[in-house]
J.: 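One structure, as structure tokens, below. Some questions next.
Ligands are counted one by one from 1 in listed order, and the atoms in each one are counted from 1 as well.
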Amino acid sequence: MKGNILVVDDESGIRRGCQRVLEPEGYNVETAVSLQEARQKIQEFPYDLILLDVMMPDGRGIDLLAPICARDPETVAIIITGFATIEMAVEAIKRGAYNFISKPFTADQLLMAVNQGMEKRHLSLEARRLQAIEQEAKALAQAKEEAERLSEFKSRFTFIVAHELRSPVGGAQSLLRTLTRGMAGNLTEKQQEILRRIEIRLDQLMALINDLLDLAASKTMTAEETLRPIAISQLLREAVERFTVEAEHKQIALHLTLPEDSILVPATEQGLVLICNNLLSNAIKYTPAGGEVWVQLQADPPEHVTISVRDTGIGIPQSAMPHLGEEFYRAENARGSPAIGTGLGLSIVRQIVASFAGSLHITSEEGKGSTFKVVLPQLLPS
Ligand code: ATP
Ligand code: MG
């Protein structure tokens, strides 16, 4: 179907003639003998093009232009005019009609006017569609800008609050140490026990403050221009070393496998350290005594590297998987375990990995263990 056309004319010859010419061309043609009938049909059906006689028994055809336009401004109106009514046709054009043809007209003249009108309608619809897309894109860009502004504000706010909390909490920690070490006089068993508990609480608070600072930093420190080539093997070796005491303490065997060749990734050292610390800390934290943790670095052809941290720990319930990396999210089995945490580590990892143009992949089986893989682009020697 090429389009829907309404012919509004009181002369039956014109109506039939239009149908005879246009229908074989693939148009669906309907007719109206009066303005009243035309008004009704326009309300009921969305026509692409309307052929409109200016002089109708119940009024002037051009008075139909406003309702046509109200129904769909892209509907094309072509005026049919006799010689005596040419002035009215001119007025119709001023009021938004697209074209006019004067009676008597030939089949070719009619067809040409209609085809041109349809072409105009398609172009207008296309323009309208593009305009809508452009507006939508503009609105999206605005929303994105607003979200970025809010997120930046949040980071800055978090950073300031956490930073301001750090020194009083650090101060309280060292005052407490002078007490627990007996530097301010002897303490009873009971007093020592209470102070130990306060110390644990303060350590937790300091860990939270540090996490918040890392999170805020992870959003700002990894701007693209700060990335530089980092030798990742050495960095992993140091990270694993930092956790050996903790692992031994929990009787967890900690293994590290590195490739022979040196591998460079575009990153920041601070960011990579945070990724490694968080993944390793989780692996050890969520693995019960006697378990194992493997850290592996692998070059994935053609130009990627994968850092994987695998453990034989408590695993992650299937229902928790979609929420990992949300700020403050902790799975139920973690909350029920003795492992302390705030649920910020993975969101820090996610942020940093994304800013290094990498991706994070998590697989896990509850009760058996988890594997965290960070895939990063590799800098190949040029
Ligand atoms: P913190 O902010 O101190 O790191 P956290 O370790 O609880 O606290 P994330 O590191 O963000 O927080 O981890 C989020 C959640 O993902 C954890 O609470 C836990 O439910 C789950 N999770 C992460 N790593 C592991 C793992 N290796 N084994 C099992 N569950 C894990
Ligand atoms: Mg953690």
J.: Any nitrogen or oxygen of Ala331, side chain or backbone, less than 3.5 Å from one on ligand 1?
T.: yes
J.: Near the Mg ion (ligand 2), which protein N/O/S atoms fall under 2.8 Å?
T.: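 As for protein N, O or S atoms lying under 2.8 Å from the Mg ion (ligand 2), they are Asn282 OD1.
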J.: Report the nearest protein non-hydrogen atom to atom 11 (O) of ligand 1: residue, atom name, distance rounded to 0.1 Å.
T.: Leu346 N, 2.7 Å
J.: Which heavy atom of the protein is the closest neighbour of atom 21 (C) of ligand 1, given with residue, atom name and distance?
T.: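 Its nearest protein heavy-atom neighbour is Leu324 CD2, 4.0 Å.
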J.: Counting each atom of ligand 1 from 1 as listed, which ones have a heavy atom of Asp211 under 4.0 Å away?
T.: 1 (P), 2 (O), 3 (O)
J.: Would you kindly specify which portion of Phe372 sits under 4.0 Å from ligand 1, judged on non-hydrogen atoms: side chain, backbone, both or neither?
T.: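 Phe372 to ligand 1: side-chain contact only, backbone stays beyond 4.0 Å.
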J.: Among all protein non-hydrogen atoms, which one is nearest to atom 17 (C) of ligand 1, and what is the separation to 0.1 Å?
T.: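 Looking at atom 17 (C) of ligand 1, the protein heavy atom closest to it is Tyr286 OH, 3.5 Å.
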J.: Would you mind listing which atoms of ligand 1 come within a distance below 4.0 Å of any non-hydrogen atom of Leu344?
T.: 1 (P), 2 (O), 11 (O), 12 (O)
J.: Check each atom of ligand 1 against the heavy atoms of Tyr329 and keep those under 4.0 Å away; list them by number with element.
T.: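 Answer, ordered by atom number: 14 (C), 15 (C).
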J.: Does Arg242 come within less than 4.0 Å of Glu238, counting only side-chain N to carboxylate O?
T.: no
J.: Quick check: does Asn333 get an N/O under 3.5 Å from an N/O on ligand 1?
T.: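 In fact, backbone or side chain, Asn333 has no N or O that close.
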J.: For Phe157, give me all partners under ring pair (Phe, Tyr, Trp, His ring centres under 6.0 Å), at least two apart in sequence or on another chain.
T.: none
J.: Going by atom types alone, do Gln173 and Asp203 pair a side-chain donor with an acceptor below 3.5 Å?
T.: yes
J.: Please check whether Thr342 reaches ligand 1 - meaning an N/O of the residue sits under 3.5 Å from an N/O of the ligand, judged on distance alone.
T.: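 Right, the criterion is met.
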J.: Could you list the atoms of ligand 1 found under 4.0 angstrom from a heavy atom of Ala334?
T.: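 Result: 18 (O), 19 (C), 20 (O).
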J.: Under 4.0 Å from any heavy atom of Ile316, which atoms of ligand 1 are there?
T.: 29 (C), 30 (N), 31 (C)
J.: Decide whether Asn28 and Tyr47 meet the rule of one side-chain donor and one side-chain acceptor closer than 3.5 Å.
T.: no
J.: Ignoring angles and geometry beyond distance, decide whether Ile340 reaches within less than 3.5 Å of ligand 1 through its nitrogen or oxygen atoms.
T.: no
J.: Where is the nearest protein heavy atom to atom 29 (C) of ligand 1: which residue, which atom, and how far?
T.: Gly315 O, 3.5 Å
J.: What atoms of ligand 1 come within less than 4.0 Å of a heavy atom belonging to Gly343?
T.: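 In order of number, 1 (P), 2 (O), 5 (P), 7 (O), 8 (O), 11 (O), 12 (O).
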